[in-house]
Amino acid sequence: QVQLVESGGGLVQTGGSLRLSCTVSGSDYNAIGWFRQAPGKAREGVSCISSSGGYTVYADSVKGRFTISRDNAKNTLYLKMNSLKPEDTAVYYCAAGWSVTLDPLYDYWGQGTQVTVSS
């Protein structure tokens, strides 16, 4: 069983930055990633990373602005978000599974943290 707890969300102005964290307990996974869901929209993959951290994937909408990283010693996943836009407003979830993919095919999910970008 894997448990994930997100933190770091909040309200920020357009152009601002936030860093999300996801603390992970358990080891029954290989890939881990961030997803988001805006009101009335489907959940979408933002970024994901392999167990070693050597392979990362980003959605086109966040390339060059967001950076995913993991600290295995601290069992923590991060998402540094720069140059935030109003369209980044969503609940952000971290998820753990076995395939490094932006498809929501992950076995374990956190409860989510709200990110709101004001214009």
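We number each residue from 1, following the sequence as shown.
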Measuring from atom [atom1] of [X] to atom [atom2] of [Y], what distance do you get when rounded to the nearest 0.5 angstrom?
X	Y	atom1	atom2	result
Gln111	Gln3	CD	CD	10.0 Å
Trp34	Leu20	CH2	CG	4.5 Å
Leu77	Leu4	CG	CG	8.5 Å
Gln13	Ser118	CD	OG	5.0 Å
Trp98	Tyr29	CH2	OH	9.5 Å
Leu11	Leu18	CG	CG	9.0 Å

key: Stepwise side chain to side chain contact (heavy atoms under 4.5 Å, CB included) check, Val24 with Tyr108   = CA-CA 10 Å; Val24 186; Tyr108 306 101; over 6 Å; no
Please tabulate, one pair per line, all N/O donor-acceptor pairs under 3.5 Å involving side-chain atoms of residues 42-56, not counting sequence neighbours.
from	atom 1	to	atom 2	distance (Å)
Arg43	NE	Gln37	OE1	3.4
Arg43	NH2	Gln37	OE1	3.4
Glu44	OE2	Arg36	NE	2.6
Glu44	OE2	Arg36	NH2	3.2
Ser47	OG	Val57	O	2.8
Ser50	OG	Ser52	OG	3.4
Ser50	OG	Gly53	N	3.4
Ser50	OG	Gly54	N	3.4
Ser50	OG	Tyr55	N	3.1
Ser51	OG	Asn30	OD1	2.9
Ser52	OG	Gly54	N	3.1

request  = Kindly say whether Thr113 contributes a backbone atom to a donor-acceptor pair with the side chain of Glu6 at under 3.5 angstrom?
outcome  = no
task = Using atom types as modelled and distance alone, determine if a side-chain donor or acceptor of Ser99 lies under 3.5 Å from a backbone N or O of Thr101.
result =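 No; zero donor-acceptor contacts below 3.5 Å.
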query = Is there a side-chain contact between Tyr58 and Leu102, using heavy atoms and a 4.5 Å cut-off?
reply =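 A side-chain contact under 4.5 Å is absent here.
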inquiry  = Tell me whether Lys63 is salt-bridged to Asp60, with the criterion being a basic N under 4.0 Å from an acidic carboxylate O.
reply    = yes
request  = Would you please classify the geometry between the Phe35 ring and the Tyr106 ring as parallel, tilted or perpendicular, with 30° and 60° separating the classes?
outcome  = perpendicular
ask   = Where is the tightest heavy-atom contact between Tyr92 and Asp88, given as atom of each residue plus distance?
value = OH-O, 2.6 Å
